[in-house]
Amino acid sequence: MSEGAYQRLWESSHVTLQELLDQEQPLLEPVPDRERQSFQYRLASLYLHYLGLLRRFNTVYDQMVQPQKRRLLRRLLDGVAGRVLELKDELVRADLCENPCLDRVLQDLKLTPADLEVPIPKYFLLEQSTAVRERRLILAEILSRLEPESSQKSFIGMHRTEAIILVQKAERARQGRLRATFMREIRRDEEQDRRIREDGWHKFSQCQAAITIQKVWKGYLQRKRTQQDRRTEMEFIGMLPSPNQVEHLSIISQACLWEDVRRLRQVEKEEEFRAAMVKAHDSLAETEGPDMKEKMKEQIRQWFIECQSVSSADPTLILHSLHSGSLRAAPAPSPTWVLPSSPDWPFSPLPPGPQHTADPVGFNNLGPPVYRTISTPDFPFPQGRESARIGWGKHPWMPPDSGGSYSIFADKTPEQVRMELEMQVQENKKKEQEKRKEKGKDEKKKKKKGKEEKSKKGEVDAVLQVLPSKCIPMISAGHEEYLSTWKNRCESIHPSQNYDSETLREEKRKEVELEIRIQVDELMRQELRNLRLVVDKEEERPLKAPKKTPGKKTGKKKEKDLTPNRSVESLYEELVISGLLRKSESVALKDYVGDFLYLGSALSLAKKLPMPSLFDIRQNVALYAVLRLGSSDIHAMAPLIRSILLVGPSGMGKKMLVKAVCTETGANLFDLSPGNLLGKYPGRNGAQMMVHIVFKVARLLQPSVIWIGNAEKNFYKRIPKEDREMDPKRIKKDLTKALRLLTPGDRVMLIGTTSQPQLADIRGLCRVYERILFMPRPDYASRYVLWKRMIEARGVQPTQHLDISALAKVSDGYTPGHILQAIQSVLSERRFLQLSKRPLVASEFLGQLAKLDPVYREEEESLKDWYFKTPLGKKSMKHRMDQLEAEEAKLAKEKKKRK
């Protein structure tokens, strides 16, 4: 694709984005529970549209060259990905199931199951390729130092004479087998000659011989022509691949080559843009900086004079603004005044500040206090540094990030500030009057409301509503920036995709202005102090930080660092040596093959509970793990998920999914399985130290995956005798505490795998693992795809002799692991060499499948029963029971009406 094609794709994506933003506001309105299905349908359609938008933004960001557009695209891509995760969370809450059925929505929107595939942004690995490569080199170096010791221990030496005798035996055996093959062929040829001599030679006439040759030749030609016609027909209906696969592959390889070339151009343009940013910043600071500085000084001096005149006109207005805390938008000056003498005006609500002082000179019980006066305006703190230093950052009238003098001149004049303050006073008076009127009405209505609430309590609780989104403001801001900056811009001005110098100078001008404003604020603050010395005839007294009142401590406790004097490199090496940090195999998430559940909605209508397919499992892993671990921005915006648990029979590919998550995100793999912890870090303090080191290194070297195989052992109800030696429950408490300390932005995820969750305490297990993904036996569609893909992966192209549909039907109850074992056993090297003479047939796999034990229905039903005891499973079952009861009640009413 050309640059123009990507530009058009970007423009069409923003048209779709505008439509989706218009659909967001109606979702915030509450919906009664009786409209749950329509609410789910709206959520699902919006989710699918955002998935398509994420796919397009991913393509454009991966190939767009212009650096300024890429920065905007990155924000939009992360925002849309975060919104997809939010909608997935809303779908789970509305459907009470981790795998909502979307087949009906796909059909209505004229989409295919491929449109439901979660696209993984390519920048996850491209932008951190250097860090991942360095990490792998360090890991390989540490492992190479450990390999010689282990290899020397396991190697058994052999004498030279014994080795020669062994080689001679093998060679003689090979020659014997070869000689036997030759003799077998010679005997077969002799047998054929003997039979010909006994039967006698059949003599043909010239015409008979010619007719025989013609029959054979015409039959051969017709068979070949029929085979070609059949292949052409199968290609036409899409049942066989086209013969020009070589040409197709060459086109694809050439397109991939051009994609790599564009990525190299991206790096070049990015370097040019960064150099231009530094150059533009320096030139603006040198040329326009002095003028900006003088203009700000003059502006602030003029503000001093104007505020003095405005405040002198109405001092009570400023007092009211001080008392109500309305100095947030633009701080008002403090003129010369004397506070009212009413004893109802307390001293405590007046917040003391560096200039807003209200210091009582004298006080007695017979009269009001007398206050000294100040006649100079106040000046805000710069970026909260002063307020943080003196401990006043929590006061509402002095925000810590007010921006210094920027808050004064944010498109406001002193007259506008005065008008705002007057409006605030009037609004406060109106609110007080309305509150007094409403108090009397509320008391009368309390009794009536109490009775109504009891009757309508069920209706109020059963309301569906989408939670406010963290990603929509970011997406809207990016969309507005596109409309204002890039939509109507002529792209022919920059054919080489260089940066836009005018836009760059505007951005840098704002940065230079903020830097200069900080310097000017410091100078003007000193000038204001000198002005007070002249006007007030006294210096300000130094302010003391307020004393902390004893009380309950709020907030989370910080984790105590048990290894303060150790470097990350030493801790990393210690974990590798102890076997807690492993090298993950390279497995792509798309290798976990499976087909879509096409009849999910039909099963739901038939009152049958649809089970998730392998496709659904892959999608959930991509959403819950890969998208969150790939980007810190997405992780910070999306709903926080710290841990997931994969539950299913052995052979379902749980470990494969863990490796796929590490491969797609470049994450470290930590192994805290109970079997791997045997004999490591003994004792109570040792277990605490081990968990602390693992989570510390995982947070410092993000992204990271902490895997626990046989996760049920950490929460045993009763520890079996064979597992008492490993003490599997010793990290239970430390693991729970460490998980709670993970915050949004910490790309660390705990993934547990188990095939026997019934042995564990379900409360403890569900308390640690926030999402539980159930993995049942594959259905017919998934088994068909598994057989086909796994045979093709072995380098064998299935022919018409191989009935894959029969294999998928016969292998009901077998897991993907069983199917892979059967294929590996049948397709040996010798059988692979015989494929040209003897095509592969389905009956060859039956013997291997018969040797394996399938997943029996009792075992799967036991896992289902356990899953419906989890929090989400309980909600789902309760909702289904309520629906059945409502339908039965409805049918009963209809029968009564008929009678």
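Side chains are part of it too, since the values below use all heavy atoms of this structure and drop only hydrogens, waters and symmetry mates.
- Between Asp746 and Arg628 there is no salt bridge, since none of the side-chain N atoms of the basic residue sits less than 4.0 Å from a carboxylate O of the acidic one.
- No donor-acceptor pair under 3.5 Å is formed between the side chain of Ser755 and the backbone N or O of Pro649.
- Here the closest heavy-atom approach between residue Leu677 and residue Leu672 is recorded as CD1-O, 3.7 Å.
- Panel note: side chain Lys864, backbone Pro776; no donor-acceptor pair is recorded below 3.5 Å.
- Salt bridge status for Glu141 with Arg136: absent, with no side-chain N to carboxylate O gap under 4.0 Å.
- Nearest approach of Arg730 to Pro682, heavy atoms of both residues: NH1-CA, 4.2 Å.
- The pair Arg771-Glu98 meets the salt-bridge criterion, with a side-chain N (NZ, NE, NH1 or NH2) lying under 4.0 Å from an Asp/Glu carboxylate O.
- In this structure, the side chains of Ser825 and Lys851 stay at 4.5 Å or more apart for every pair of heavy atoms.
- Note on Glu90 versus Arg93: salt bridge recorded, some NZ/NE/NH1/NH2 to OD/OE distance being below 4.0 Å.
- The environment of CZ in Arg763 is sparse: at most 12 heavy-atom neighbours from other residues, nucleotides or ligands sit within 6.0 Å.
- A donor-acceptor contact shorter than 3.5 Å is absent between the side chain of Arg642 and the backbone of Glu770.
- Proximity of a side-chain donor or acceptor of Arg747 to a complementary backbone N or O of Leu629 within less than 3.5 Å is detected.
- For the pair Leu700 and Phe695, the minimum side-chain heavy-atom distance is 4.5 Å or more.
- For the residue pair Tyr784/Asp595, the side-chain donor-acceptor check at 3.5 Å is not satisfied.
- Smallest separation of non-hydrogen atoms from Pro119 and Leu627: O-CD2, 4.1 Å.
- Listed for the Lys654 side chain is a donor-acceptor partner under 3.5 Å among the backbone atoms of Gly648.
- Taking all atoms of both residues into account, the shortest heavy-atom contact from Ala738 to Val691 is CB-CG1, 4.0 Å.
- Using a cut-off of 4.0 Å between Lys/Arg side-chain N and Asp/Glu carboxylate O, Lys878 and Asp882 are scored as salt-bridged.
- For Glu725, the CD atom sits in a loose shell: 12 or fewer heavy atoms of surrounding residues, nucleotides or ligands are nearer than 6.0 Å.
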Asp761 vs Arg767, test: salt bridge (charged side-chain N to carboxylate O under 4.0 Å, His left out). Steps then yes/no. CA-CA 10 Å; Asp761 177 22; Arg767 193 180 298 117; 5.9 Å; no
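- Interatomic distance, Gln619 CD to Leu614 CG, rounded to the nearest 0.5 Å: 11.5 Å.
- Atom NZ of Lys470 has 12 or fewer heavy atoms from other residues, nucleotides or ligands within 6.0 Å.
- No donor-acceptor distance shorter than 3.5 angstrom exists from the side chain of Lys713 to the backbone of Ser673, with no hydrogens or angles considered.
- No side-chain donor-acceptor contact under 3.5 Å links Gln688 and His692.
- Thr753 and Lys655 share no side-chain donor-acceptor pair at under 3.5 Å.
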Could you check Glu117 against Arg618 for salt bridge (charged side-chain N to carboxylate O under 4.0 Å, His left out), going step by step and ending with a plain yes or no? CA-CA 9 Å; Glu117 192 75 40; Arg618 184 176 74 238; 3.0 Å; yes
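- For the pair Ser704 (side chain) and Leu701 (backbone), a donor-acceptor distance under 3.5 Å is present.
- Taking each heavy atom of Lys874 and Lys869 in turn, the nearest pair found is CE-O, 3.1 Å.
- Of the possible polar contacts, one joining the Lys680 side chain to the Ser578 backbone as a donor-acceptor pair under 3.5 Å is found.
- With rounding to the nearest 0.5 angstrom, the CG atom of Leu77 is 6.0 Å from the CD1 atom of Ile634.
- Remark: side-chain polar atoms of His818 are paired, donor with acceptor, to backbone N or O of Thr815 under 3.5 angstrom.
- Residues Glu574 and Arg566 are paired through a salt bridge, judged by an N-O separation under 4.0 Å between the basic side chain and the carboxylate.
- Side-chain N or O atoms of Gln128 include none that pairs as donor or acceptor with a backbone N or O of Leu125 at under 3.5 Å.
- Ion pairing of Asp671 with Arg582 is present here, as a side-chain N (NZ or NE/NH1/NH2) and a carboxylate O approach within less than 4.0 Å.
- Donor-acceptor pairing under 3.5 Å is recorded for the side chains of Ser613 and Asp616.
- Nearest heavy-atom pair across Ala711 and Gly752 is CB-CA, 4.2 Å.
- Put simply, the side chain of Pro871 does not reach to within 4.5 Å of the side chain of Lys875, judged on heavy atoms.
- Here the CG-CZ distance, from Leu116 to Phe615, works out to 4.5 Å after rounding to the nearest 0.5 Å.
- The distance from the CG atom of Leu597 to the CG atom of Asn99 is 9.0 Å, given to the nearest 0.5 Å.
- Looking at heavy atoms from C-beta onward, Tyr624 lies out of side-chain contact with Leu85 at the 4.5 angstrom threshold.
- Electrostatic pairing of Lys659 and Asp591 does not count as a salt bridge here, judged by no charged N lying under 4.0 Å from a carboxylate O.
- Side chains of Asp853 and Tyr814: no donor on one and acceptor on the other come within 3.5 Å.
- Interatomic distance, CD1 of Ile693 versus OH of Tyr681, reported as 4.5 Å (0.5 Å rounding).
- Side chain to side chain, Ser632 and Gln702 fail the donor-acceptor criterion of an N or O pair below 3.5 Å.
- Below 30°, between 30° and 60°, or above 60°: for Tyr867 and Phe774 the angle between ring planes is below 30°, a parallel geometry.
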